Amino acid sequence: MTGTEQPETPTEWAWLARIRRPQGRKGEVFADILTDFPEKFADRRQLWLVADPDSPRKKAGLVPREVELIAHWLHKGGIVLHFGHSNSISDAETLAGLIVAIPLTDRAPLADDEVYIADLIGCALVDVAGATPTTVGQIDDVDRAAGPVALLVIHASGSQEEILIPFAKSYLRAIDLTARRVEMALPDGLVELNTPSKS
């Protein structure tokens with residue numbers, strides 16, 4: 001543990017990965033990748049373990065803690081992480097469900113025309129392909145494991161439907177994170193096609 005001051009709220013964290021389970025016998029864990037830049041793990045030695053805000057651990061008052069990353073490698077669509085304090089399967093099991101994070105201020109800088117995909121969560125998706133812009137719904141999640149193009153998981157306006165929309169640059173028209181709005185020109189029929197209950 002270092003003397004680095006901890007951010008006080010979950011909104012001050014940039015999530016890099018979500019730990020799923022032990023991997024191997026020496027304390028390694030397998031995690032889902034949540035960052036747009038998994039290659040940056042090679043540049044980081046000090047990371048933080050924090051509780052998901054909706055998890056029982058967060059509600060129980062789990063305090064974020066700093067950990068040393070001693071090894072990592074990509075594996076089957078995710079990443080294997082080995083922290084300095086985790087030396088056994090039992091140690092690794094205690095980490096399941098935790099979020100691997102860094103302070104928001106430590107994120108890699110982006111070019112003017114780039115955006116962190118995680119920042120899109122909570123934004124309204126607006127289809128501007130037609131004469132009148134139409135709000136498709138709110139972006140609830142981003143699925144990076146679906147293929148080469150991330151899928152926006154949309155909660156449809158006025159219903160409980162879930163819609164999957166490819167986050168393709170050819171569809172993208174504008175992003176306003178301040179207004180929490182993403183504008184895309186979607187092909188005819190894409191929304192209906194990618195609504196699971198209607199497909």
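Remember, it's a predicted structure, so these values are computed and weren't measured experimentally.
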Hits for side-chain contact (heavy atoms from CB on, under 4.5 Å) against Thr134, two or more places apart or cross-chain, chain-then-number order -> none
Report yes if some heavy atom in the side chain of Leu152 is under 4.5 Å from a heavy atom in the side chain of Asp143; otherwise report no. no
In chain order, what residues pass the salt bridge (Lys or Arg N to Asp or Glu O under 4.0 Å) check against Arg181, with sequence neighbours excluded? Glu183
Minimum side-chain heavy-atom gap Val153-Val142 below 4.5 Å: no
Check the pair Ile165 / Leu151 against side-chain contact (heavy atoms from CB on, under 4.5 Å), numbers first and verdict last. CA-CA 5 Å; Ile165 300 295; Leu151 289 177; over 6 Å; no
With a 4.5 Å limit on heavy-atom distance, are the side chains of Pro133 and Asp127 in contact? no
Value for CD (Glu28) from OG (Ser86), rounded to nearest 0.5 Å, stands at 8.0 Å
Any Phe41 side-chain heavy atom under 4.5 Å of Leu69 side chain: yes
Could you pull out all residues at least two apart from Tyr116 that satisfy ring pair (Phe, Tyr, Trp, His ring centres under 6.0 Å)? Phe37
Scanning both residues in full, the closest heavy-atom pair of Pro64 with Trp13 reads CB-CZ2, 3.7 Å
Do the side chains of Ile154 and Leu172 join up, straight or via other hydrophobic residues, at under 4.5 Å, putting them in one cluster? yes
side-chain contact (heavy atoms from CB on, under 4.5 Å) with Ile70: which residues, sequence neighbours excluded? Glu68, His82
Work out which heavy atom in Ile99 is nearest to a heavy atom in Ala51; give both atom names and the distance. CG1-C, 4.5 Å
Asp32: what forms a side-chain hydrogen bond (donor to acceptor under 3.5 Å, both in side chains) with it, not counting sequence neighbours? Arg20
Identify whether Leu47 and Ile33 are in the same connected component of the hydrophobic contact network (ILVMFWY, side-chain heavy atoms under 4.5 Å). yes
Can you name the residues that form a side-chain contact (heavy atoms from CB on, under 4.5 Å) with His85, not counting sequence neighbours? Leu49, Arg65, Val67, Phe83, Leu95
Name all pairs fulfilling the side chain to side chain donor-acceptor pair (under 3.5 Å) condition that reach into residues 163-175, sequence neighbours left out, sorted by first residue then second. none
Any chance you could measure Cys123, atom SG, to Asp176, atom CG, to the nearest 0.5 Å? 8.5 Å
The remaining residues in the hydrophobic cluster of Val80, counting side-chain heavy-atom contacts under 4.5 Å among Ile, Leu, Val, Met, Phe, Trp and Tyr, are Phe30, Trp73
The reported gap from CG in Leu125 to CG in Leu186 (rounded to nearest 0.5 angstrom) is 6.0 Å
Check step by step if side-chain contact (heavy atoms from CB on, under 4.5 Å) holds for Ile121 and Asp140. CA-CA 5 Å; Ile121 296 175; Asp140 280 352; 5.9 Å; no
Can you find a pair of side-chain heavy atoms, one from Val29 and one from Gln23, that are under 4.5 Å apart? no
Does anything in residues 96-107 form a salt bridge (Lys or Arg N to Asp or Glu O under 4.0 Å)? List the pairs, not counting sequence neighbours. Arg107-Asp119
Name all pairs fulfilling the salt bridge (Lys or Arg N to Asp or Glu O under 4.0 Å) condition that reach into residues 39-50, sequence neighbours left out, sorted by first residue then second. none
Ile163 CD1 to Gln138 CD distance, which is reported to the nearest 0.5 Å: 12.5 Å
Out of curiosity, Leu16 CG to Asp36 CG, how far, rounded to the nearest 0.5 Å? 10.0 Å
With a 4.5 Å cut-off on side-chain heavy atoms, are Val182 and Ile139 touching? yes
Sorted by chain and residue number, the salt bridge (Lys or Arg N to Asp or Glu O under 4.0 Å) partners of Asp141 (sequence neighbours excluded) come out as none
Between Leu190 and Val149, is there a shared hydrophobic cluster once you connect ILVMFWY residues whose side-chain heavy atoms come closer than 4.5 Å? no
Considering non-hydrogen atoms only, spot the tightest contact between Ala17 and Ala31 and give its length. CB-CB, 3.9 Å
Not counting sequence neighbours, which residues clear side-chain contact (heavy atoms from CB on, under 4.5 Å) with Ile89? List them please. Pro22, Arg25, Glu93
Apply side-chain contact (heavy atoms from CB on, under 4.5 Å) to residues Arg18 and Asp52 and explain how you reach the verdict. CA-CA 9 Å; Arg18 185 191 300 273; Asp52 186 320; 2.8 Å; yes
